[in-house]
Each structure stands twice: as structure tokens, then as C-alpha cells.
4 protein chains.
Amino acid sequence: MPMSARHQRRQARRDERRDELKQAAIEIFHEHGYHAARVSQIVKKVGVAQGTFYLYFEGKQQLFAEIISDFLERVVTTVASWEPGAIDSREDLRDELTRVGLMLTHELLNHELSTAIFFNEAMAVAPELNELIRHFYETLQAMLSDFNRILCQRGLIAPMDFTILASMTIGMVERVIMERVVYGTLNEVEPRAIVDHLVMHFLTGTLEAIGPASRAGVPEDEEQPTDAALPLKA
Amino acid sequence: MPMSARHQRRQARRDERRDELKQAAIEIFHEHGYHAARVSQIVKKVGVAQGTFYLYFEGKQQLFAEIISDFLERVVTTVASWEPGAIDSREDLRDELTRVGLMLTHELLNHELSTAIFFNEAMAVAPELNELIRHFYETLQAMLSDFNRILCQRGLIAPMDFTILASMTIGMVERVIMERVVYGTLNEVEPRAIVDHLVMHFLTGTLEAIGPASRAGVPEDEEQPTDAALPLKA
Amino acid sequence: MPMSARHQRRQARRDERRDELKQAAIEIFHEHGYHAARVSQIVKKVGVAQGTFYLYFEGKQQLFAEIISDFLERVVTTVASWEPGAIDSREDLRDELTRVGLMLTHELLNHELSTAIFFNEAMAVAPELNELIRHFYETLQAMLSDFNRILCQRGLIAPMDFTILASMTIGMVERVIMERVVYGTLNEVEPRAIVDHLVMHFLTGTLEAIGPASRAGVPEDEEQPTDAALPLKA
Amino acid sequence: MPMSARHQRRQARRDERRDELKQAAIEIFHEHGYHAARVSQIVKKVGVAQGTFYLYFEGKQQLFAEIISDFLERVVTTVASWEPGAIDSREDLRDELTRVGLMLTHELLNHELSTAIFFNEAMAVAPELNELIRHFYETLQAMLSDFNRILCQRGLIAPMDFTILASMTIGMVERVIMERVVYGTLNEVEPRAIVDHLVMHFLTGTLEAIGPASRAGVPEDEEQPTDAALPLKA
DNA sequence: GATGAATGAGTTTTCATTCAT
DNA sequence: TATGAATGAAAACTCATTCAT
């Protein structure tokens, strides 16, 4: 059933306005937080009447949930793009981790506001939403656990509790991203450097130096501890 | 200036009631979240009148802030108990990390509700509180960065960006604690095992097996990847 | 920029409703006094919801201030209509005083409730409002002082402290109006008689009889004190 | 029935504390107004506990009423001291008016705070109190009307509506006192000068100059309008 | 589709007063 | 007498949502 051109145009305009409202909402939610955000501020930003809002969204909370949902979907999609198939060595692993890490980082940095909203507000809005978020983390953990198990089977990582490992990995990434997006602490660090640190820490903890990415705080002049100094467990 | 016995008794009763109210508030905040929590629920739980609440606290928000502040203080105090002085080897380091990790874990698990409230709600209450939390993370990061720098100078960890490293460490710990406290995912895992994973991941990433702590998901029977299979960077 | 007919209609309805609410508020404030008056009583009287009130006014206090402000403005406007230009004799003066007096009296009696509210409540609501009232009295006094000064220069009134004179005049008028509006004491006295008394008292104090306006309490039959008996100061 | 010395001492201490509290209340009522005044502020000022207040007064409102009542009584007593007996000439009248006027003025200025409270707040506290005040004004008016009637019978003042005259007189006095006590406008004017103006205005309106008391605003250098210029009604 | 006026439920907080100690 | 902790009623105001135009 082909739609009429007229209907299509209408639909396009509808979608456009919907996006406008959603974008405005993201900005307002980011600025004030969910609870202090007012629907009146959102519609004012777009320049439409209060009632118009409800032509496009069921309500404030549903819109917030949608924003969070969009965000979660982007993250899952990105992480799911992992391709374990061709990974045969630790080099391959590092490269693949770096690839996915960069994708994820770019994704999150490209949607800074949503990212910040997610970390700051999402858990404090409504029980239903918490369910959604819980489900997201479960999915993520399952995916990572599975990956890790595969890697372990291939002898690429040591055996351990992969659920805990998954949590640790998620936490590392999350916190680093938060620092950058929410607080701006790591703004002057290249995303690449961040990803390098994440990947290397996953691979070798604090065993290996991460050279070129180093910045302030690294004792450059001082004699670097040699690898030899690192007593690897037999 | 010795207080009269009468005054002392009064003060003691005052403190007791204050604690009662605070504890009730923690439970209510945990159950409903800050915004859905009602002062009326708190006083009902303690069995006092509405007005009594305001004899002990300036208001709902101030009480919440105090609860969070208590929490943050406990964490900082615990982390600050780190003693880098006598650490001369990676073994020492592992032991000290384990010691502090266990303390912190116990601390957090002993105040599960506050911990959960902090992770879920704290950022979504009020800008002033966000300031406090921001300051907390800055303190924590500064402490960890300094530790890492010392460790590096002693050749115990490799050089890298210690700010990023600090964030990663904080994130790892946070996420694992959250999983346990907020979602109950890791409830059947011994705190000791959790700490072992955190410490080992900090030290060697995924290079080394964490044996006895292993649980579901770990391919016990399968041939373990040997250390030899792990290509350490030259 | 001509407004659409639709917009005009809306605005008209808006103004109407606003007036309705203000009028209801005047009645409630008059009946209960500012502090005992409830917003709920006001909206009930008009038959709208509680929230509607706040579409038209910032709050209870702001509405009260507006009512008082309206009142003060009417008074000042009336008093400012004084025309000293053509006054050359005491007869002229008496006529002009009578004219302005009647206008003011009518104005106040036409807004009895506001007048009563002003005298009873206005000073006990808020410091900001007291400022406004203070300014009102200052304006009034300045106007009257100036008038008196002009009259004195023309030889129509004797020299004295015109600030005190202004205060006395204001007080005379106020009290007489209060008696009538707040207490209903002088309800059966014609406004004209009231004004005659005010004017004559301003002009000659208790020197001259005010005949036809006399009512109960005046010893009609008794021998009137003759003017001769009045020892005018040399 | 003679009280024991012990009981007397107790009663004295009681009265003292009661007065202390009342005085503190006057200051607080003056500073904040009745509605914004807090019982807690009053007891704090005296340095006793909250409960103590209720050992001496039934409550906030009753105390306020008592303060107002004290005030009204002082005024009535003063005005009632009028002695019309020996007044046979306008000179006598002027002297007696001046005497009473000075007494009243001193009375009010000696209790500035109560006076200010009365004018600003008294009508806006409670209906019962308004009754009291109404009664006060009725008493005052009756007294003045009677006085005026006597004066008229003796040929000392012209016939007119003595109720209106009483109101005018009360208003004149009130307003002048208010200006001084509430706003401080006439602070640099001698009480004596104020009373002179009041008395002269009562006697001759604006017919006669009030010389030595004149201050700023009086055209001293300019030719004074002569009495001859004042066309007295035949 | 768009508007924006109207709705009204819902909650924190204050403070005069009481009363057990 | 004095204390001060406890009481609890009471009210202004907000804002998400609706619906007649």
C-alpha cells in the first residue's frame, strides 16, 4: 500500500518536529536534570504550544525513557559489532578491542548530552526505566562474558570469573567516559589515548607502559621502570 | 565545663532519635528513591509527628545530602588508609591492594542501602550535591593518581596516564560493587573473590588466572590457557 | 500590527477573568482580612480551580499589593486634579476644596471595600507594601504642602508649618472616611455634609457654624454662640 | 488578708518577668509586625524557654491584645483628664487643649513602639481586637462630642455636627502622631509645636498664623498675609 | 494539526501550643 | 516554676496533562 506523496510529506514534517522536540528535551534534561526540567521549557525552546508536546509524546517520562532507550540501543549495537571470528593472537585481540573501543567512544562522544543524562539521571526517574537499564546491563554483561569465554578458550586471556571481568570492563569504560563527558576532566586527552589505556589495562593491567599517549603526571625524565622490574607471576 | 547529668541524658536521647530518623530515611530513600520518598513516610516509620522531623533536620534535601556525605566520608577515609610505605615488591603491592580492597568492600557492604542510594540517586537530586560528589571524585582521583605515581617510581607499575588509570580503577570497583549491592548479581560471590579479581585485574589485566575464586562460567575442565600462551609485550 | 480577531477575543476574556478574580479577592480580603483570607476562598467564589488563580496573579501577596496600588493611584489622581490657578478669594478656595473633596469622597465611597482594606490591613502585610504606602503619603504630603504654600502666598491662609498642616488635613479626611466606610458610623450623613465639615474646618476650624448640614447632636434650639463671642487673635 | 512576705516577693518576681516578656514582645511586634513575629523570638530575647511564655500569657494573640489594650487605656485616661469646668474664654480653651494635647503627645511619644504597633498592626490581627478598637474609638468620639457640645453651649465654638468634628479631631491628631512615630517625618519638630498646630487648627483652621513654631517651608521673608485679608464670615 | 487556558492533586514546611519531666 | 521536645493542623503553590476551539 503505497502512501500518497502528500501523506509522505506530512509524515516527514511530523518526524522533523518530533525530533526537534526530542532534541530540545535532551538539552533541557541535560541542563536541569529530569526532575527540574519542565515541559514548558522544552516547548518554549522549540517555539510551539504546550499542548503540541502531547501530540508527539505521551508525556515527559515517556519521552525521557525514549531518550534513554535510544542511547542504550546505540551502545548495544556498537558493542554487538564485535567480531571475534578472526582473532587468533593477542595482537588481533588488541586491535579488535581498540576498534570497538573507538567506535563506542565516538558514539558516546557524539551524543554527549544523552550520555551525561544517562549517567546522571537515568536511575532516578522511575522503576520501569530502572528495569530497562537493568536489562541493558544484563545484556551487556552477557555479551562480554561470552566474548571473554571465547577468548579464554582460545588461550587469549586467563581464566577467571567472567561475570566479574565483564563488570570490571564495563565499569572502566563507563567511568572514563563519565569523566570526560560529565565532568570534562579528560577533555584534552585524545579519544585514541583513552581507548589505548582501556585496552591495555584490559590486556595487561599495569604491567605495560602506554607510551606515546602519556601526558601530564607521567614522570618522563625519570628512569622508567623496566619490564624486567615487573615480576610476572610464574 | 561538665554538663549536667540531665543535659547529657537529653542530648543522648536527641542523638538517638536523630539516628533513628536518618536510618528510616535511608530505608525510604532506598525503597522509593529520593524524589518519590515522602517525609511523611519517614516519620511514620519512626512513629513521630511530621514536625518532629524538622527538629532534627533542615529538610528532606539536607538530610539526603547528609546521608550521601556520610557515605563519601567513609569511602575517602577507607581509601586514605592506604600505606604505600613498606611496599617494595609486586607481592607487597598485591597484599596492600587486597587489604584496602577488603576494607572498602566491607565498608560498602555494611552500608548497602547508602551505597545503593549513592549510585542510583545522588547525582539527580540537586546541583549543590553534585558539587559535593564532584569534589569526592576529584579527591579520590588525586589520591589514586599519587599512589600510582609512587608505585611507578618504585618500578612496581608501568608508566602511563595515571589520571586515566585512576578513573579506570574507580570505575572497576564501582561497577562491581553496584552489581552486588544494587542488583544483587554477585551476591553468591565471596567479597574476597571480588577483591581478588579487582586486584589481579589492576596488576595484570587478563594475563593471569584467578583460580580458586572461579565460579560458574569458568571452563574448569577445559584445558587452561597456559601463561606461555600469553604473548607478553617485549 | 493588527491582532487577529481570535487573539483579541482571547485577550478580552483573559482581562475579564482577571477582573473577576481581583474583585472576588477584594471581597474576601475585606471580609476576612489579608491573613485570614484563603486563595481557595477566592477561586471558589469565582468558580475556577486553584491553579487558575496563578495564571493571572503571581500569588496572594502580589494580588493584594495590586489592589492597594490601584487604590492609591485613584487617590493620588483625584487629589492631583486640584486647580489652584483661578483661586483668588477664600470663596474660590472653599469652592475648589469642596469640588476636590467631593470627587475624592465619591471615589472612595465608590470603592468602599478597597478603602476599608487599605485602612485596616495594608500596613500589616509586607515591608515592600509599607514602602509603597510610605511613598504614597510622602507624595500626598508634598502635594498638599505645595498647595498650602501657594495659598499662603496669595494671602488665603495664614503662615504655619505646612508639613504639619498637610498631615492634619490628611488625617481629618482619612478618619472621617474610615468612620463611614469601615465602621458605618456616618452612613446617614450626606457625603456633601461631610465634605462641608472638612472644608470649613480647614478654613476656620471651629469658628464658623455649619448650618444646614447639622444633625443629631447639634443644639438647634439653643442660642447660638455669636461670632462676637469668638475672640479672634489680633 | 495580708500576704506573706514570701508570697509577695514571689509575686514581684512574677510581675517582673511578665513585664520583661511583654516588653520584648512589643519590640518584636514592632520590628516584624504581629504576623511575622514569632513567640520563639520573644522568649529568646528574654532568655527563657518556649514553655515559660505560656506561664505568663495565654498566647501570642492574647498578649498582643493586652499590649493594645494597655495602649488604648493610656490614651483614654489621658483624654479623660480634660477639665471643662473652668473654661470660660477661648484663651482658656486654647490653654486647656494645649495642656491635654501635650499630655497625650508625651504619653504617645513615651510609648513609641506601642503607638507604632497600634497604628500599623492592630486592625489586622483578629476580629475580637477590632471590636475592642471599635469600642475605643466610640468612647473617644463620645467624649469629644460631649466636650464639643459643652463648648458650643458656652459659645466657645460654633455649632456643627459634633460627631464629624470629633472624627476630624481624632484624625488630625492620629496622623500627626503617626508621621512622627511611624515614619519619623516630624522628628525635628518640637512636640510643643505640633500641639500648637493641632490646637490652632482646631480653633481657627487656617485663619491664624502660628508664628514661632514655623519651620522650613514657611515663607518667612515674604509679606505675611494680614489678618485683615482673611474675610471672616459675618 | 495546533493552541493555550484550565485543571487539581499533592507535599513540604512552619510554628503556636502542650505537657512530661 | 521552668524546660524544650513533641505535636499536627493548615495552606500556598507547581506543573504535567487535558480538551474545547
Side-chain angles (χ1 to χ4, degrees), chain A residues 10 13-14 17 35-44 46-63, chain B residues 4 6-7 9-11 13-14 17-18 35-43 46-63, chain C residues 4 6-7 9-11 13-14 17-18 35-44 46-63, chain D residues 10 13-14 17 35-44 46-64:
Chain A
R10 267 198 188 152
R13 218 172 298 155
R14 222 189 126 73
R17 173 144 293 185
H35 285 95
R38 306 291 168 224
V39 173
S40 59
Q41 296 171 318
I42 297 171
V43 296
K44 192 177 180 185
V46 177
V48 297
Q50 194 94 345
T52 306
F53 180 88
Y54 293 88
L55 296 174
Y56 295 94
F57 303 100
E58 282 166 43
K60 181 184 169 185
Q61 184 174 313
Q62 179 263 348
L63 169 54
Chain B
S4 72
R6 176 173 176 170
H7 185 267
R9 233 177 307 123
R10 266 201 185 144
Q11 188 59 37
R13 216 172 299 158
R14 243 193 104 76
R17 174 139 292 184
R18 195 173 194 281
H35 286 95
R38 307 287 168 229
V39 173
S40 58
Q41 296 171 319
I42 296 171
V43 295
V46 177
V48 295
Q50 194 88 351
T52 305
F53 179 87
Y54 294 89
L55 293 177
Y56 295 94
F57 304 100
E58 282 166 44
K60 181 182 165 187
Q61 184 174 312
Q62 180 260 349
L63 170 53
Chain C
S4 72
R6 176 173 177 168
H7 185 266
R9 234 178 306 124
R10 267 201 184 144
Q11 188 59 36
R13 217 170 299 158
R14 243 192 106 75
R17 174 140 292 186
R18 196 173 194 282
H35 285 96
R38 305 291 167 224
V39 173
S40 59
Q41 296 171 319
I42 297 171
V43 295
K44 192 175 181 185
V46 177
V48 295
Q50 193 92 348
T52 305
F53 179 87
Y54 295 90
L55 294 176
Y56 295 94
F57 304 100
E58 281 165 43
K60 182 183 166 185
Q61 184 174 313
Q62 179 262 347
L63 170 54
Chain D
R10 264 200 190 150
R13 218 174 297 152
R14 221 191 125 73
R17 174 143 292 183
H35 285 95
R38 306 291 167 224
V39 173
S40 59
Q41 296 172 317
I42 296 171
V43 295
K44 191 176 180 185
V46 176
V48 297
Q50 193 93 348
T52 306
F53 180 87
Y54 293 88
L55 296 175
Y56 296 94
F57 303 99
E58 282 167 42
K60 181 185 170 186
Q61 184 174 313
Q62 180 262 347
L63 169 53
F64 186 84

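Proteins come first, then strands; the chains are lettered A, B, ... in the order of their sequence lines, and each starts at number 1.
Both B:Gln50 and C:Ala49 lie close to DNA chain E; mapped to their nearest nucleotides by heavy-atom distance, the more 5′-ward contact belongs to C:Ala49. Taking for each of C:Val48 and B:Arg10 the nucleotide of DNA chain E with the nearest heavy atom, the 5'-most of the two is the partner of C:Val48. When the nearest nucleotides of DNA chain F are assigned to C:Leu55 and B:Gly47 by heavy-atom distance, the more 5′-ward of the two goes with B:Gly47.
Other residues, nucleotides and ligands contribute more than 12 heavy atoms inside 6.0 Å of the CZ atom of C:Arg18.
Considering every non-hydrogen atom in both C:Lys60 and C:Phe53, the closest pair reads N-CE2, 4.0 Å. In terms of heavy-atom proximity, A:His35 sits nearest to A:Arg38 at O-NH1, 3.1 Å. Here the shortest heavy-atom pairing between B:Tyr56 and B:Arg14 reads CE2-O, 3.5 Å. Among all heavy-atom pairs drawn from B:Gln50 and B:Val43, the shortest one is OE1-CG2, 3.5 Å.
Between C:Ser40 atom OG and C:Lys44 atom NZ the span is 8.0 Å, to the nearest 0.5 Å. With rounding to the nearest 0.5 Å, the separation of CD1 in A:Ile42 from CZ in A:Phe57 is 8.5 Å.
The CZ atom of C:Arg9 sits 17 Å away from the P atom of E:dT3 (whole-angstrom rounding). Note: CD1 (D:Ile42) to P (E:dC15) measures 13 Å, nearest angstrom. Here E:dT11 presents its P atom at 15 Å from CZ of B:Phe53, a figure rounded to the nearest Å.
In terms of phosphate contacts, A:Tyr54 brings no side-chain nitrogen or oxygen within less than 4.0 Å of OP1 or OP2 of E:dT3. In this model, the phosphate group of E:dA2 is approached by a side-chain N or O of A:Arg17 to a distance below 4.0 Å at OP1 or OP2.
Residue contacts shown for A:Ala36 are absent, as no nucleic acid heavy atom lies under 4.0 Å away. Looking at heavy-atom distances under 4.0 Å, C:Arg13 makes no contact with the nucleic acid at all. Within 4.0 Å of B:Phe57, counting heavy atoms only, lies no atom of the nucleic acid at all. As judged by a 4.0 angstrom heavy-atom cut-off over every strand, A:Gly51 is placed among the base-contacting residues.
At distances below 3.5 Å, not a single donor-acceptor pair connects side-chain atoms of C:Gln41 with backbone N or O atoms of C:Ala37.
When DNA chain F is scanned 5' to 3' for any atom under 4.0 Å from a heavy atom of chain A, the first and last hits are F:dC15 to F:dT18.
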* To do: Go through A:Arg13 and A:Arg17 one step at a time and tell me if the side-chain contact (heavy atoms from CB on, under 4.5 Å) criterion holds.
  => CA-CA 6 Å; A:Arg13 218 172 298 155; A:Arg17 173 144 293 185; over 6 Å; no
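Among the duplex regions that DNA chain F forms, those built from at least three successive Watson-Crick or G-U pairs under 3.5 Å are E:2-21 with F:2-21, ordered by first number.
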